[in-house]
Amino acid sequence: MDFSFTLLIILIPLAIFCVLGLFGSRVKPAVAGIAGTAGLFIVTILSYYTAYNYFSMFHAEDGYLPIKAFSILWLTFTDELQIHLGVLLDPLSVLMLVVITTVSLMVHIYSLGYMKGERGFQRYYAFLSLFTFSMLGLVVATNIFQMYIFWELVGISSYLLIGFYYERPAAVAASKKAFIVTRFADLGFLIGILLLSFNTGTFDFAILTNVAGPVIAQTTSTVFMGLSVTTWAMLLIFMGGAGKSAMFPLHIWLPDAMEGPTPVSALIHAATMVVAGVYLVARLFPIYALSAPDALEVIMYLGSFTSLFAAVIACTQLDIKRVLAYSTLSQIGYMMVALGVSGYGGEAGLGYMGSLFHLFTHAFFKALLFLGAGSVIHAVHSNVMNDMGGLRKYMPVTHITFLIACLTIAGIPPLSGFFSKDEILVAAFEHNKIIFAVQWLVAGITAFYMFRLYFNIFWNRTPAFEHTPHESPATMTLPLIFLAAASIFAGFVPFHELVTSDGKTFHTGFHWMIAIPSVLIALAGIGVATLLYYKQNSKAENIARSLKGFYTAASRKFYIDEGYLYLTRNIAFAFISRPVAWFDRHVVDAAMDLIGNSTVQLSGAIRKIQSGHIQLYIWFFTSGALLLTLIILYLN
Amino acid sequence: MNPLLFLLVIPILTMCAIVLTQDLKKVRLISAAGMSAQLLFAFILLYWFYQQRHAGNTAPMLFVSSTTWYESFNIQLKFGIDGISVAMILLTSIVTFAGVFVSWQVDFLRKEFFLSLILLATGVFGFFISLDLFTMFLFYELAVIPMYLLIGVWGTGPKVYSAMKLTLMLMGGSALLLVGLLGIYFNSAPEGGRLTWDLTEIAKVNIPVSAQLFFFPFTFVGFGILGALFPFHTWSPDGHASAPTAVSMLHAGVLMKLGGYGCFRVAMYLLPEAAHSLAWIFIILTTISVVYGAFGAIWQKDLKYINAYSSVSHCGLVLFALLMMNETATTGAFLQMISHGLMTALFFALIGMIYGRTHTRMINEMGGLMKVIPFLSVLYVIAGLASIGLPGLSGFVAEMTIFVGAFQNTDTFHRIATIIVCSSIVITAVYILRVVAILLLGPVRNEQYLKLQDAQWFERVGGISLVVSIAAIGLAPLWLSNLLREPLETILQPFTKL
Amino acid sequence: MTGQKIIFFMLAASVVGFSILSVLDRRILRAAIYLLFVLVAIAGLYFMMNYQFLAAVQLVLYAGGIVVLIIFSILLTSQINSRLDRPKFSHLLSGILTAFGGIALSIITVLQFTFKPVQAEALDVNMRTIGLHLMGTGADGYALPFEVISILLLAALVGTIFITRKSSA
Amino acid sequence: MNLQSEIPLHYMIVLSTLLFFIGLLGVLIRRNLITMLMGIELMLNAVNINFVAFNHYLYPHRMEGHFFALIVTAIAAAEAAVAIALIINIYRRFATVSVDDVDELKY
Amino acid sequence: MTWNSLYIMRHEVLLTILILYQLVADISEKNDKSRVVHITIITFFIVTVVGFFPSGDANLFGSMYISDDLRLLLKNILGVSTLIVLLQASTWLRDPQQGARTGAFCLSIFATLMGMFFMISAGNFLMVYLGLELATIPLTLLAAFDKGLRRSAEAGIKLLMSSAVSSAVLLFGLSMIYGIYGTFYFSELALLSNSSSLAILALTFFLCGLGFKLSLVPFHFWTADVYEGAPLAVTTYVSVVSKGAALFTLMLVLYRVFGHQSDIWLMALYLLSVITMVVGNLFALRQKNMKRFLAFSSITQAGFMILGFMNTDVLGMTTIVYFMLIYGFSNLAVFGVLSIVFNATGKEDMDYLSGFYSTNPRLSLIMLVSLFSLAGIPPVAGFFGKFFLFTAVASSGMYILVLIAVLNATLSLYYYLLVVKVMFINRNELPIGRLSSTAYEKIAFALCLGGVLIIGFASSVYEYIESVM
């Protein structure tokens, strides 16, 4: 069938953005909100429709083929290197469509309540639409350059949304940081694209990821510093992904990004944008798997380390949004690991499948967590755990949904998180035992810090609220409920029949040997958390004190930010930019001035020759004449 | 008569009208009308151009007309345009148009101001349409010299110093240029025949390489100085800082483009072998100026200085791309010229408007303007995003084309240079966001700014006309890039041979 | 050593000697007198080369005219036998250097050169030929210069009068 | 009688050259306008000697040198007259004819 | 002598008549000179016009006097310039308490002009020398014309002394030339050639003599002092007309007489032009007195002029004449403005011009245009003049010289812009009041501006000059 209508999925948000951006200030806030939400509702319907049609088009057995629903030429570089803008439909992109539109819709609805009465409500919705537009454009990209284009757009819209409260210096700083860090990563991405496209002569995914195609078939002859050029290219491209997905060491922007409105964090920094890196790797997976395995190794170790590292930090944070942010890091780490351990095709592609499966489920439960946290914050007007506690009485819906989310992320069967995490662990186990061990441990830590969070919010001591918190309005609770449902049932989606590394479905059994230990460690984590935080007590402090240095280090995020700060402020600025500015003024410019001034000085110096004495003049005349004669005689 | 002459006639008529009119109110109306007509005609010209092309006229230059001027030197009044010139003319007319509106509130010696402004524009138009080196040079100097009065009389700060410095450095540049041009002229008929100033004729003959090697540096540096080639760029910060708004716009937006255009049209086009063998020197210089300008911009406090340094960086990118000597990079270079022209014009316009309100250009004295003057601030952000290279705005298209083009040269030297240049996109982001953060965002630093009023209608006209063109190029770049690409095939012939 | 030689050397010696004296003597009136001697000696040289007319002009115009003029002006502007202050050493030095340099240069170049006299018989210089030439308008006719000089003298005359006249203003 | 055999041309030229530069010396070192004038007269006379000598020794078939000398003499006279006038003018304004004092226009 | 020959010599003849008229007028008209001035100017205008009538080539007085289209053109250029000078001087001449000067002034002017005419159409070095003296001696008197002023007297004596020495040197050179070649007639000299060191010495001395009139460095020292000391009209006259005459004479002699010895004078002029441009610029850089300023600027311009000699062919001569023409108009315009200012205020300092534009826009625009023309800025004629000169230099492959010259042009732009700055940019609470200009001055300005603005674009001018070479 004809999928060209999918173009609307991208265009509608764009239209909303333009309308709200230009005329938003003219209309009433409510109108803008409704309009945005309505528009996105349509988009969501459309994407579901697309998904349904797409998956029902093929028979699962003989696999899914990519469909280029739409494509126009946008810019020509060289005869073969051309940018097309288009819509590519394959399981991966369809999956992402569904995820993004769903979460985005939820956030839209949620924001109606959450952002009520905020200054610049219209602007907020305009930006949301802009983001949705760019994210959708990113996932349906038909070629890597289109992806880069929307990649940048996503970055900028995230910048705008983080800095939504532009009068708050912290928000401004955070948005700046986010943009610059990701921009730095994108530099790698760009160079990677340039390398890849120059070597392969194309941007198009269809050609790039064609297993039988020339790109993968060609054994990259040129080797640079021990690695093949393709490997370099893929590593650089992954750098971009790492930036967006906040992999260590480019993760620093994500926690700060929590300065933005909470729904934004839910949408961008939990569910959608931050997984763009995963999406990128998945999109180019054939190349990684077949012609740049070294790069894949790097991805695996990086992901694994990040997940552990983030989990540890998460245990120490007090700001609930930051806890969630670090947990996001850790979960994305999981996905990366899964990709890293995966092979191409059939059973080998289990990791790939698991990764995307986890992306899918994670989107729901992490969004849920954030929105729940948002609702809490909305109630108590604070992000810090210490101001919370015992909220279960006041806001039951939030409480229940939050609990579900925590269980899901902890990987308690039969919630969705369990299944997706299970796949990943299996894949890791088959590929690399150490990695498996790490991820298994991380699972426990995850459970621990999530329930630490949970108990600190909803149980524990009840502080004195200045005004009693109350349950959030329906506009906020409905999305919570929906997402809760989603995170319960998402696990039963037959993923291995839908999204696999080679588009062909494969059969995966259930691995008791992996599942049971993972559940056990999760329960263990929960248990510890219960012990420490169910009731108010000093055990936690004791433990923290007992491993003082490590604890403070962790709570200070291992001083990474300070390091970067030093690097930028004291190296880049003080040692390059300032000297350059000085050099330009006092050397280059001074040289130019010197020429002028010295001329004037010289003229001042020789003026005295014109002394006013006739005889001197005559002397100059005659001796000049004689001298000239001499010179000419000499020259002849 | 040749339709191109309208490009000269319209401004000249406008100037006459300004001279003749008596009341000062009318002056700006007249100039606005004139420049609007010019803009309109530029678009008509574009239309005619396409018409001709579609009619299958494949001549490298269209609307060519030549009348002998100085028989004994074989100087001709030869005019003609190809895609590149058309694009440049469009750019110029847009910027001039905006410039007139932005300087709506000039009231000191208003008549003279608009006269010299339009005179400057006339010089630029003449430069872009002339195919005869002599005429080209004439218009080149004609465009440079009104700058002195414009800065000196209507400028701010150390205007006399800056004006003198700018004029002398540019004239020094044209001094070198003159030597180069004379050299080209006297080598334009190596195997006998009539010497000629005619670009297209000279391009046909191949000038002896020894001569090329001698004259290429003169020509390239001569134009390069106007293109803010490191280390001859220092006129730019001071000049821009002191110049009145519209002048900064025209100068950074259009005049600096003359440099790049000339470097390509004269230096490289006529002296290909030398260009090819000396390119490495200038690649180093331009690479330096790209990064150097960006880093220089980070530390500045004065809005205009920031913008001047970023111009150094961007124009360095232009020259760099030209020196890559392949179709893509060259297209990118011209895209960058146009994009930077519009962008920086917008920047200077906004800076002028902000300065007109706050009476300071020091970013650390301002802050939180977004709350006070949202319209201007939003435009400023857009300009900033354009110069960061955000997709959907012109900057992205240009830079990407340049990078891809530059990447076509496979040897390590070019690769390293390219990667260094690429890194500028990060540095650019740093200083742009720094400015945006300090200047526009955050709390309002100074209470009395709270009662500033937002843009007036003429400011809106000026600003919007620029933003629209930036966005237009950014969203649908294909027509422009094809327009620029189509003549390059033939022009770059010699380089592909090498 | 014929008579002519003797006469020539006497004249030459007097020319050089007196000129040096007139240049160096610090009593200005004497200097003027020495100048007179020089001029007369030069007239003698003209006689030797039997350009009697020129010699006569030399005597009349220079000795009779200019020197007298100079003496008058000296009397007007300064007392008789008032001694001039001696020249500054630096001036003296530089002047002498230049002078000797010039002498050396010119004499060397002149001596290097070999003059070739024409092989045509000389026309005898008498008043008639002089007159014919002076009034001639054809080849070798000097009517035009003659007229021009008259204009020059006229202009000089008028101007001089204007300058020296006690100005009413 | 022929002079050529007796006294070679070079004698004359050397003589005139000496005279010329002595005159120049006078112009250069005397501090008095009038004596400078005298120096100039010497120079002109030197030149005249040249003309006449050349005419008589080398080109006796024409009288160009002779007449040139004649005209130079006349012009010298005019020049002298004008010079005297100007000197007197100076004397009126500056009350001196010393060169050193006539240096108000400078730099 | 026939009527025809009188017609051929009409410039000189008519000037003689004018001179005689001055004598008569000086005696008859005692107090009120304005009628004399009117009549003089009108008649001289007629003379100038008559000068433009064509007359074929001719050699008179046994080819002691040559007349052809080129020489006619040169004379006419000088004639027109002189006319402009007179027009500009008219106010100064008519000013009553200066009454007595008119006759003497005009007479001397005409005498010098006549001398220059003779220099130009000389066919014999005797005539060159005569013309030179005739053009110099009355000039010294003119320089001393402001009888009330010490500086004027000083200017006069300085000019006389140094020019006397210079003409003596020139004569020395001439005498050597006579010794070598045995003739003064151009027609005969043009056939002879000699490359002995004596010939070089002779030629160089001759060059120095003319270089003095042209005020080339190091023969230029008199220039500034005389320009400053002399009355403004005289300064104008010296800076344009007598410079032009010297240049033209030099050109005619070098190209037409010593054309086959070009290698000698080429070298000499190369050196002279470089040093002249540089030194002239350096001196001009800091001048505050407009007259001195223009003196040094004119020295620099002289340096540019002799660039043209680097091409020993028609191109060279053409560019020289062309440049001189443009320079004349530009310089005259500048002096015109100054004379109006001077007549009104008696001030010559640059600073007095500050804020001039606010009160006298027209005059300052004229000044602006002509200064740009001097600096060689398009679209005014000066640009073309300079450009073609450089072309001439480049045509003989001397690109280094071109570079030096162009850089000097840039440097000169600096101080021309200084004047512009003073007039346009400097603020001044009490600038010079609104000045009115008489009809004569208006005509003068019209002529100058016409020249400055049109010559460049009307290529026919250049081509005409080229055709008469």
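Chain letters run A, B, ... following the sequence lines, proteins first and then strands; every chain starts at 1.
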Side-chain (A:Glu152) to main-chain (A:Tyr148) donor-acceptor, under 3.5 angstrom: no
Exam field: side chain E:Ser162 to backbone E:Trp222, donor-acceptor pair closer than 3.5 Å: no
Ion pair E:Lys288/E:Asp349, N-O distance below 4.0 Å: no
Distance-only side-chain donor-acceptor flag, A:Tyr159 / A:Thr182, under 3.5 Å: no
Residue, of A:Leu635, A:Leu626, A:Ile632, A:Ile609, that accumulates the most heavy atom pairs under 4.5 Å with chain E: A:Ile632
Among the listed options A:Val600, A:Leu602, A:Ile631, the residue most often paired with chain E at heavy-atom distances under 4.5 Å: A:Val600
Checking [X] against chain A: side chain, backbone, both or neither under 4.5 Å from a heavy atom?
X	value
E:Leu207	neither
E:Leu201	both
E:Leu272	side chain
E:Tyr415	neither
E:Phe219	both
E:Ser195	neither

[X] versus chain E, the contacting section by heavy-atom distance below 4.5 Å:
X	answer
A:Thr622	side chain
A:Leu627	neither
A:Ile606	both

Test ring-ring contact (aromatic ring centres under 6.0 Å, His included) applied to A:Phe77 and A:Phe145, step by step: CA-CA 11 Å; A:Phe77 289 147; A:Phe145 217 102; 5.5 Å; yes
Output field: ring centroids A:Trp151/A:Phe189 closer than 6.0 Å: yes
Euclidean distance, E:Ser297 OG relative to E:Tyr227 OH, rounded to 0.5 Å: 8.5 Å
Parallel, tilted or perpendicular, as decided by the 30° and 60° cut-offs, for the rings of E:Tyr255 and E:Phe309: tilted
